[in-house]
Amino acid sequence: MQKTNPNKFLNISTFLGCMLFAMFSYAQTTVTGKVIDEQTEPLLGVTVLIKGSSSATTTDIDGNYSISVADAATATIVYSYVGYATTEVPVNNQSVINVTLKEDLALLDQIVVVGYGGVKKSDITGSVSSVTGKELNAFPVLDAAQALQGRAAGVVVQSNNGGEPGAPINIQIRGNTSIGASSSPLIVVDGFIGASMPQANDIESMEILKDASATAIYGSRGANGVVLVTTKKGRNGKMVVEYNTNYSIQNTTNELDLLNADQFAAYQTQIRANNGNTIAYPQGPANTDWQDLIYTTGSTKTHQFSFSGGSDKINFYASANYFDQEGIIINSDFERITFLSNIDAQVNDKLKLGLNLFGSLGTKNGVSTQSTGLGGIGGGGDDGC
């Protein structure tokens with residue numbers, strides 16, 4: 001009987017194992033590359049997936065990635081990122097694949113900015129309304145708060161003093177939440193809490209958080225709702241210069257049908273007769289329609305100048321706005337100049353600096369067109385006079 005040499009089987013097993021390992025190592029190919037956007041900016045967190053497998057990775061802060069491919073001849077790599085169109089690239093035995101992702105505008109329309117970042121509309125559990133910058137610029141307005149009127153369901157926007165030029169705008173999201181305190185929502189502009197509302201031409205998008213979930217982010221300050229404003233930013237590329245202007249005319253639509261002098265005198269005489277006074281009302285020579293004296297043709301004009309651009313290290317956006325409104329009541333007008341500047345600088349791989357400036361200067365000549373009736377005789381005025 002022939003004896004089996006155990007060392008022989010051990011040597012054969014070792015040899016076959018080495019061959020299989022070598023074959024597996026030979027089949028694996030490492031693919032590296034960089035993912036950028038259309039402005040050549042690197043994209044962080046892009047999902048890089050081998051199609052039909054579970055092998056995946058993500059890009060780093062510089063947009064670089066590295067992934068192992070089992071079959072470099074037939075494999076396909078899928079690149080996906082929120083707000084960008086998904087791209088598929090066949091490997092074809094390449095070891096370096098650089099990809100440029102294009103923005104998917106249809107997908108971007110479904111992204112809503114909330115307190116913690118961006119969320120798909122379909123994933124939002126709270127009540128949120130979103131308004132784009134294009135909608136806010138549909139017609140000339142005092143500021144973006146006025147442009148919000150009629151564009152967000154459940155949000156009430158109205159002037160505190162009728163159509164007076166420069167009258168403050170009141171926004172109510174959750175109704176009157178207090179008798180004495182303000183029911184106005186919290187305004188957050190580019191992350192700055194309690195900021196002033198910028199001009200509509202400078203706004204990229206606006207989101208309104210309407211339900212109580214806003215308090216989880218901003219505390220009691222968000223109890224009346226939150227208006228999140230994202231202003232425009234500069235983009236990498238050539239400098240873009242824009243000039244926007246418009247002019248509109250305002251007139252009264254319905255004037256009161258008043259009595260003339262003879263009709264008014266007859267009316268007063270009848271009242272006296274009903275009260276037992278037989279003396280006729282003393283009629284003067286005047287026959288004046290006071291509406292003709294106080295109403296005039298109003299106008300609104302705006303001018304906006306902006307420039308933006310950037311490079312790999314710095315992006316900038318700056319604008320200046322001029323707003324002038326002549327009221328439909330004589331001697332009422334409002335004039336304001338505002339400016340906004342956004343600068344983002346990438347100092348190095350770990351440090352990024354930003355500068356956001358906003359300022360305004362305005363003058364107003366107004367007349368009281370509404371009253372609380374607290375002034376006594378004749379309705380009085382809001383100041384109690």
Side-chain angles (χ1 to χ4, degrees), residues 12-113 116-123 204 233-240 308-317 344-354:
I12 294 174
S13 299
T14 303
F15 175 77
L16 292 175
C18 291
M19 289 292 294
L20 291 174
F21 177 79
M23 291 176 63
F24 178 79
S25 301
Y26 177 78
Q28 288 286 333
T29 300
T30 299
V31 177
T32 60
K34 186 174 184 177
V35 182
I36 59 176
D37 60 14
E38 293 177 288
Q39 285 75 42
T40 69
E41 287 289 329
L43 295 176
L44 168 65
V46 177
T47 300
V48 183
L49 171 70
I50 305 300
K51 189 174 183 179
S53 73
S54 59
S55 178
T57 185
T58 57
T59 57
D60 59 18
I61 191 172
D62 296 319
N64 298 319
Y65 72 94
S66 177
I67 190 170
S68 297
V69 182
D71 189 354
T74 61
T76 299
I77 301 180
V78 181
Y79 303 85
S80 59
Y81 194 58
V82 174
Y84 291 80
T86 299
T87 302
E88 297 185 4
V89 179
V91 177
N92 290 334
N93 293 317
Q94 300 178 85
S95 59
V96 177
I97 300 178
N98 297 319
V99 176
T100 300
L101 296 185
K102 296 182 179 180
E103 290 185 357
D104 190 338
L105 298 179
L107 181 58
L108 285 175
D109 287 342
Q110 303 302 316
I111 301 298
V112 176
V113 178
Y116 293 125
V119 180
K120 287 185 178 180
K121 267 190 174 181
S122 58
D123 296 336
E204 187 73 30
K233 307 291 184 182
R235 292 192 174 187
N236 191 10
K238 295 182 179 180
M239 181 185 297
V240 177
S308 62
S311 62
D312 294 337
K313 296 296 184 180
I314 186 170
N315 293 321
F316 61 89
Y317 174 86
D344 296 316
Q346 188 71 47
V347 180
N348 53 45
D349 294 341
K350 298 183 179 179
L351 179 61
K352 184 177 182 179
L353 299 179

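Count residues from 1 along the sequence. What you see below is based on every heavy atom in this structure, not just the backbone, and it leaves out hydrogens, waters and symmetry mates. Just so it is clear, the model here is predicted, and its values are computed rather than measured.
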| task | Answer whether the closest heavy-atom distance between the side chains of D312 and Q346 falls below 4.5 Å. | result | no
| field | E38 side chain reached by L101 side chain, heavy atoms, under 4.5 Å | value | no
| field | N236 side, atom CG; T40 side, atom OG1 - distance, nearest 0.5 Å | value | 4.5 Å
| message | Would you compute the distance between atom CD1 of I36 and atom OG1 of T100 and round it to the nearest 0.5 angstrom? | response | 3.5 Å
| field | Member of T86, V89, T59, L49 meeting the side chain to side chain contact (heavy atoms under 4.5 Å, CB included) criterion with Y79 | value | V89
| From N64 atom CG to T57 atom OG1, the distance as rounded to the nearest 0.5 Å | 11.0 Å
| request: Answer yes or no: is there a side-chain heavy-atom contact under 4.5 Å between V91 and I77? | output: yes
| note | Taking every heavy atom of S55 against every heavy atom of S68, the minimum-distance pair comes out as OG-O, 3.8 Å
| query | When you check the gap from the basic side-chain N to the acidic O, do E103 and R235 get nearer than 4.0 Å? | reply | yes
| Hey, are the side chains of Y65 and I97 touching, using non-hydrogen atoms and a 4.5 Å cut-off? | yes
| message | Rounded to the nearest 0.5 Å, what separates atom CG in L43 from atom OG1 in T58? | response | 12.5 Å
| said: Walk me through whether T29 and N93 qualify under side-chain contact (heavy atoms from CB on, under 4.5 Å). | reply: CA-CA 8 Å; T29 300; N93 293 317; 5.9 Å; no
| field | Test applied, side chain to side chain contact (heavy atoms under 4.5 Å, CB included); reference residue, Y84; option that passes from V46, V35, D37 | value | D37
| note | Closest heavy-atom pair, Y317 versus G234, reported as atoms and distance to 0.1 Å, is CB-N, 3.7 Å
| With distance as the sole test, does N92 use its side chain to make a donor-acceptor pair with the main-chain N or O of Q94 at under 3.5 Å? | no
| request: Apply side-chain contact (heavy atoms from CB on, under 4.5 Å) to T32 and list each qualifying residue two or more places apart in sequence or on a separate chain. | output: T30, S66, V96
| request: Please name the pair of heavy atoms, one in P42 and one in K34, separated by the smallest distance, quoted to 0.1 Å. | output: CB-CE, 4.1 Å
| When rounded to the nearest 0.5 angstrom, what is the spacing between CD1 in I67 and CD1 in I50? | 3.5 Å
| remark: Test side chain to side chain contact (heavy atoms under 4.5 Å, CB included), reference S80, set T87, T47, V48, output is T47
| query | Got a second to check how far N315's CG is from Q39's CD, nearest 0.5 Å? | reply | 9.0 Å
